[in-house]
Structures are given as C-alpha cells and as structure tokens.
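Notes for the one structure printed next.
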Amino acid sequence: MPERRLNRIGEDEWEIAQEGAMRVPARIFASADLIAGLDDKVLEQAANVAMLPGIVEASYAMPDAHWGYGFPIGGVAAFDPDEGGVISAGGVGFDISCGVRTLLTGIGAGAIAAQRERLADALFQRIPAGVGSHGEISLTPKDMDAMLRGGAAWAVGRGWGEADDLTRTEDYGCVAGACPEFISAKAKERQKGEMGTLGSGNHYLEVQRVAAVFDEDAARVYGLKTGDAVVSIHCGSRGLGHQIGTEALREMALTAASHGIALPDRELACAPIASETGQRYLGAMRAAINCALANRQILTHLARSVFAAILPRAQLRLLYDVSHNTCKEETHTVEGRARALYVHRKGATRALGPGHPALPPDLRAVGQPVLIGGTMGTGSWILRGTAEGTTRAFASACHGAGRSLSRHAARQRWQGRAVIDSLAERGIIVRSRSAKGVAEEAPGAYKDVDAVVAAAHRARLATKVARLEPLICIKG
DNA sequence: ATGTCC
C-alpha cells in the first residue's frame with residue numbers, strides 16, 4: 001500500500017502525505033534506485049511512527065533505512081514534551097548508543113603492509129569479540145555507577161585514554177542526566193565483565209585506508225590524507241543496553257494504554273516524556289549512552305596498546321566518536337520557533353553543521369564528522385554536517401550501508417569461510433570466531449554504501465569528505 | 001543488537 005502513497009518531493013526526498021491517524025507526514029531521503037529496493041514494511045513503519053503523540057514536523061527515514069523493531073532502522077523522529085510527546089525504547093534501538101569512532105594513525109597504509117598479518121592477529125587476540133565476550137576488566141557495583149555517570153571521561157580518568165579523546169567525543173564523552181539507580185541489577189550484572197568488548201553482529205574494529213578525499217578543506221581539518229591508515233571501532237552498550245531496552249519495552253507496552261496512547265503497532269510501545277516510565281527510561285538510557293562511550297574508549301586503549309607493540313610509529317588520535325542509537329534533548333527551530341525536542345535517532349547519525357556550539361572549537365568551522373560504517377568488503381565514509389542539515393531531519397544523516405537481506409537470508413546464501421577467503425583474495429584480512437556471523441555480515445547482504453552516501457550527499461544531510469577501504473576487520 | 005528463548 002504505501003508505495004502508491006509515496007510522492008516524490010525532491011531529487012532524493014519522498015513523502016507519504018499525512019492521512020488517517022498520521023499526525024505528520026513521513027519523509028524518506030533516498031534515490032529512485034534505493035526507493036525501488038526499499039521494503040514496503042519500512043514505509044509502513046515510517047508512517048506508523050508519524051501516528052505517535054507529540055511528533056513534530058515529520059517521521060523521517062534515512063537513505064540506509066531498513067526494517068526494524070517498530071521504528072525503521074535509519075529512522076529519525078522528534079517529540080515535543082509540551083504537546084504530549086513520547087519516548088520510545090524501540091525508537092532508540094536495543095543497542096543503546098551503538099556508534100562509531102575513527103582514529104587517525106599518522107602513518108600510511110603502506111607502512112602497515114609488511115605487518116598486516118601480525119597486526120590482525122594481535123588485534124584479534126587483544127580485542128574481546130563475539131556474543132557474550134568478556135574483557136579483563138570487572139566492575140564492582142561502585143565502579144559500575146561511576147562508569148554509568150562518567151562515560152568515556154570515567155574511562156580516561158582510569159587511565160584508558162587521553163584528555164584529547166574527550167574533546168573529540170560527542171558530548172565530550174559524558175551525557176548529563178544519567179540515572180544508574182533506574183537500571184536493574186540484572187542489567188548491571190550482565191555488563192560487569194563486558195567493558196572493553198566488541199560484541200557481535202555488525203560490530204567491528206577495522207584498520208582502513210583513506211582511499212579518496214572529496215573535500216580537501218574538511219579533510220585537512222579532520223586530519224585525513226589519501227593513503228593514510230585509520231582505525232574505526234563500531235560497537236555499543238553490550239548487554240546493559242539490551243537489558244534496559246528489553247525491560248523498558250515491556251513496561252511501555254503495559255502502560256501505554258493507561259497514558260491514553262493508542263499504538264498502531266505493539267512494537268512502538270512508548271511513554272509520555274513527562275511520565276514516570278518515560279523519565280525512568282530516559283535516565284537509564286543516558287547511563288547506557290555513557291556505558292557505550294566508555295566501552296569505545298576502553299577499546300581505543302586496547303587498540304593503542306597493540307599498535308604500540310607492533311607499529312610504534314603510529315600515534316592513534318581520535319578524529320571523532322558519534323553514536324547512532326540515541327534519544328537526545330535538543331533545541332530545533334520548527335516553523336520559526338525554537339523548541340526543546342526529544343530527537344530519536346535509530347540507526348541515524350547526528351550531523352551538526354558548521355558553527356554549532358556543541359562542536360569542539362577546532363572542528364566548529366567545518367562541521368561535525370559524520371562517521372558512516374559500511375561493510376567489510378566495500379567501504380566506509382566520513383562525511384561532514386551541513387548548514388542545510390539544520391532544517392533537514394533535525395540535523396541527522398545515515399549511519400551505514402543498511403541491510404538489504406535479513407540475517408537469515410544471508411546465512412542461506414553465503415558461507416562464512418568462503419566470504420573470508422574471497423575478501424582475503426582482495427587483500428582484506430577478516431578475523432572472527434563466528435563463521436555464521438561473517439555470513440550474516442557478507443557485503444552482499446547490504447545496500448551499496450556508495451549509493452546511500454551519494455543520496456545523503458545530494459540531499460545535503462551530510463556531504464562527502466573521504467571514503468575508507470577496509471584492510472583488517474576484527475568481527476564479533 | 002542480544003548470556004541469538006527464563
């Protein structure tokens with residue numbers, strides 16, 4: 001049904017007009033080709049989100065959008081607390097604050113070539129990866145609460161990083177309003193041994209080569225040069241975020257009716273921002289954001305220790321760390337009025353344009369680095385936020401390639417061993433304990449990341465700075 | 001995404 005309701009309103013922008021229970025339209029940023037390959041269920045989900053109380057402007061989907069739990073992955077929606085706006089655990093995603101950080105190395109990819117196998121082995125040995133993976137750190141209850149309040153700043157304070165890392169992390173490595181007291185003992189128990197671990201699924205640590213630069217001015221400020229090696233880390237809040245999400249969804253599903261909320265889909269369970277359920281989730285979610293920031297910070301420390309042993313000339317400096325599964329209170333101007341909104345980004349990256357006060361001074365003139373994690377066989381991208389983005393999807397952009405096949409379908413089509421062998425022939429080293437996981441993450445199971453980024457670029461959600469190609473991929 | 005179903 002939604003296909004016929006889809007109106008093209010720009011070269012790379014489509015709209016489902018507001019109708020029926022929709023409070024606002026749904027808008028999708030994508031090329032005609034990406035729209036042709038889009039599952040109808042994504043359009044239905046984007047339209048369903050538009051029915052939620054207090055939604056502002058439109059329900060948005062990014063060019064990498066695909067079917068998710070309730071909300072599409074690649075979905076953006078903002079809610080006004082003064083108009084009955086809601087917070088939804090499914091609108092953030094199970095892996096709260098999943099995100100990407102990219103580190104400069106200061107050395108060329110050529111300098112790594114002779115050590116590639118050793119480097120891959122050492123990273124794989126040092127970085128705990130896979131389902132249920134545990135690290136060397138075990139947090140006491142007191143440590144746990146300090147971590148949940150302090151985020152990456154807590155990790156740096158413990159010696160796992162440098163002060164400069166924090167200036168290059170979204171929110172300077174620590175979000176305010178975290179409430180560890182709203183997190184269950186079970187969630188904390190699951191997390192206590194999982195700090196500094198990668199997890200599974202689409203998470204990875206990659207050594208990459210800057211294959212091409214598209215914006216010389218931004219690349220200079222970001223410190224990117226063609227041929228340079230960089231390191232990117234993609235992971236989130238592990239068992240803690242998952243447990244918080246699971247518990248919140250259950251509570252929101254049980255209490256939605258009592259708040260007078262009619263759900264078009266049970267998976268869109270939500271609670272008014274002002275409600276006790278809503279406030280408890282927000283406090284727990286913010287603590288999970290800090291957990292993910294601390295996790296990526298510890299992984300950074302582990303990566304540095306490996307490089308120090310194998311390639312001591314490399315100096316790993318953080319370019320930027322940005323999350324793509326969050327809900328954040330932000331001020332946006334809508335129809336000429338500045339409003340404090342709760343912006344859900346689920347598989348969508350915040351993309352602040354030039355001059356935004358939340359950016360560190362040395363990046364402010366250029367805009368925020370927007371880190372796009374692609375696939376282990378194709379590539380990843382670094383984009384920059386734009387001035388126009390301020391009025392497009394609440395300053396948001398895509399977050400990756402976006403799945404085109406389900407995990408199940410990918411497992412039917414590929415064998416992990418064969419995927420690893422064919423990538424090795426192309427000079428890409430993959431290390432993973434899970435052949436099944438590699439099959440699910442086969443590059444062919446994703447949309448064309450270059451096409452996704454091209455659509456985001458043309459729509460001015462964020463514009464191209466550099467394309468990265470994988471050299472070494474450590475997978476969960 | 002996830003101790004891939006308490």
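Chain A is the first sequence line, chain B the second, and so forth, proteins listed ahead of strands; every chain is numbered from 1.
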_Residue-phosphate contact under 4.0 Å: R407(A) side-chain N/O, dT4(B) OP1/OP2_ = no
*asked:* Under 4.0 Å from OP1 or OP2 of dT2(B): is there any side-chain N or O of S200(A) that close?
replied: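 Answer is yes, contact under 4.0 Å.
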Once you round it to whole Å, what is the distance between [atom2] of [N] and [atom1] of [X]?
X	N	atom1	atom2	result
L249(A)	dT2(B)	CG	P	16 Å
R238(A)	dT4(B)	CZ	P	12 Å
R250(A)	dC5(B)	CZ	P	14 Å
L240(A)	dT2(B)	CG	C1'	12 Å
Q191(A)	dT2(B)	CD	C1'	12 Å
Q243(A)	dT4(B)	CD	C1'	14 Å
L198(A)	dT2(B)	CG	P	9 Å
R433(A)	dT4(B)	CZ	C1'	18 Å

*Please check if any side-chain donor atom of D450(A) sits under 3.5 Å from a side-chain acceptor atom of W381(A), or the reverse.*
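Judged by distance alone, the side chains do pair up.
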Which is true for [X] with a 4.0 Å heavy-atom rule: it touches a base, it touches only sugar-phosphate, or it touches nothing?
X	answer
G93(A)	nothing
K186(A)	base
G199(A)	sugar-phosphate
E440(A)	nothing

_Among K436(A), R411(A), K475(A), the one residue meeting salt bridge (Lys or Arg N to Asp or Glu O under 4.0 Å) with E441(A)_ =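 Considering K436(A), R411(A), K475(A), a salt bridge (Lys or Arg N to Asp or Glu O under 4.0 Å) with E441(A) is found only for K475(A).
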*Which pairs pass salt bridge (Lys or Arg N to Asp or Glu O under 4.0 Å) with one or both residues in residues 236-254 of chain A, sequence neighbours excluded?*
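Every pair satisfying salt bridge (Lys or Arg N to Asp or Glu O under 4.0 Å) with a residue in residues 236-254 of chain A: E194(A)-R238(A).
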Scan the side chains in residues 45-52 of chain A for donor-acceptor partners under 3.5 Å anywhere in the protein, sequence neighbours excluded, and list what turns up.
{"residue": "Q45(A)", "atom": "OE1", "partner": "G68(A)", "partner atom": "N", "Å": "3.1"}
{"residue": "Q45(A)", "atom": "NE2", "partner": "G68(A)", "partner atom": "O", "Å": "2.7"}
{"residue": "Q45(A)", "atom": "NE2", "partner": "G70(A)", "partner atom": "O", "Å": "3.3"}
{"residue": "N48(A)", "atom": "ND2", "partner": "E44(A)", "partner atom": "O", "Å": "3.4"}

*Without swapping roles, check the side chain of E170(A) against the backbone of S323(A) for a donor-acceptor pair under 3.5 Å.*
yes
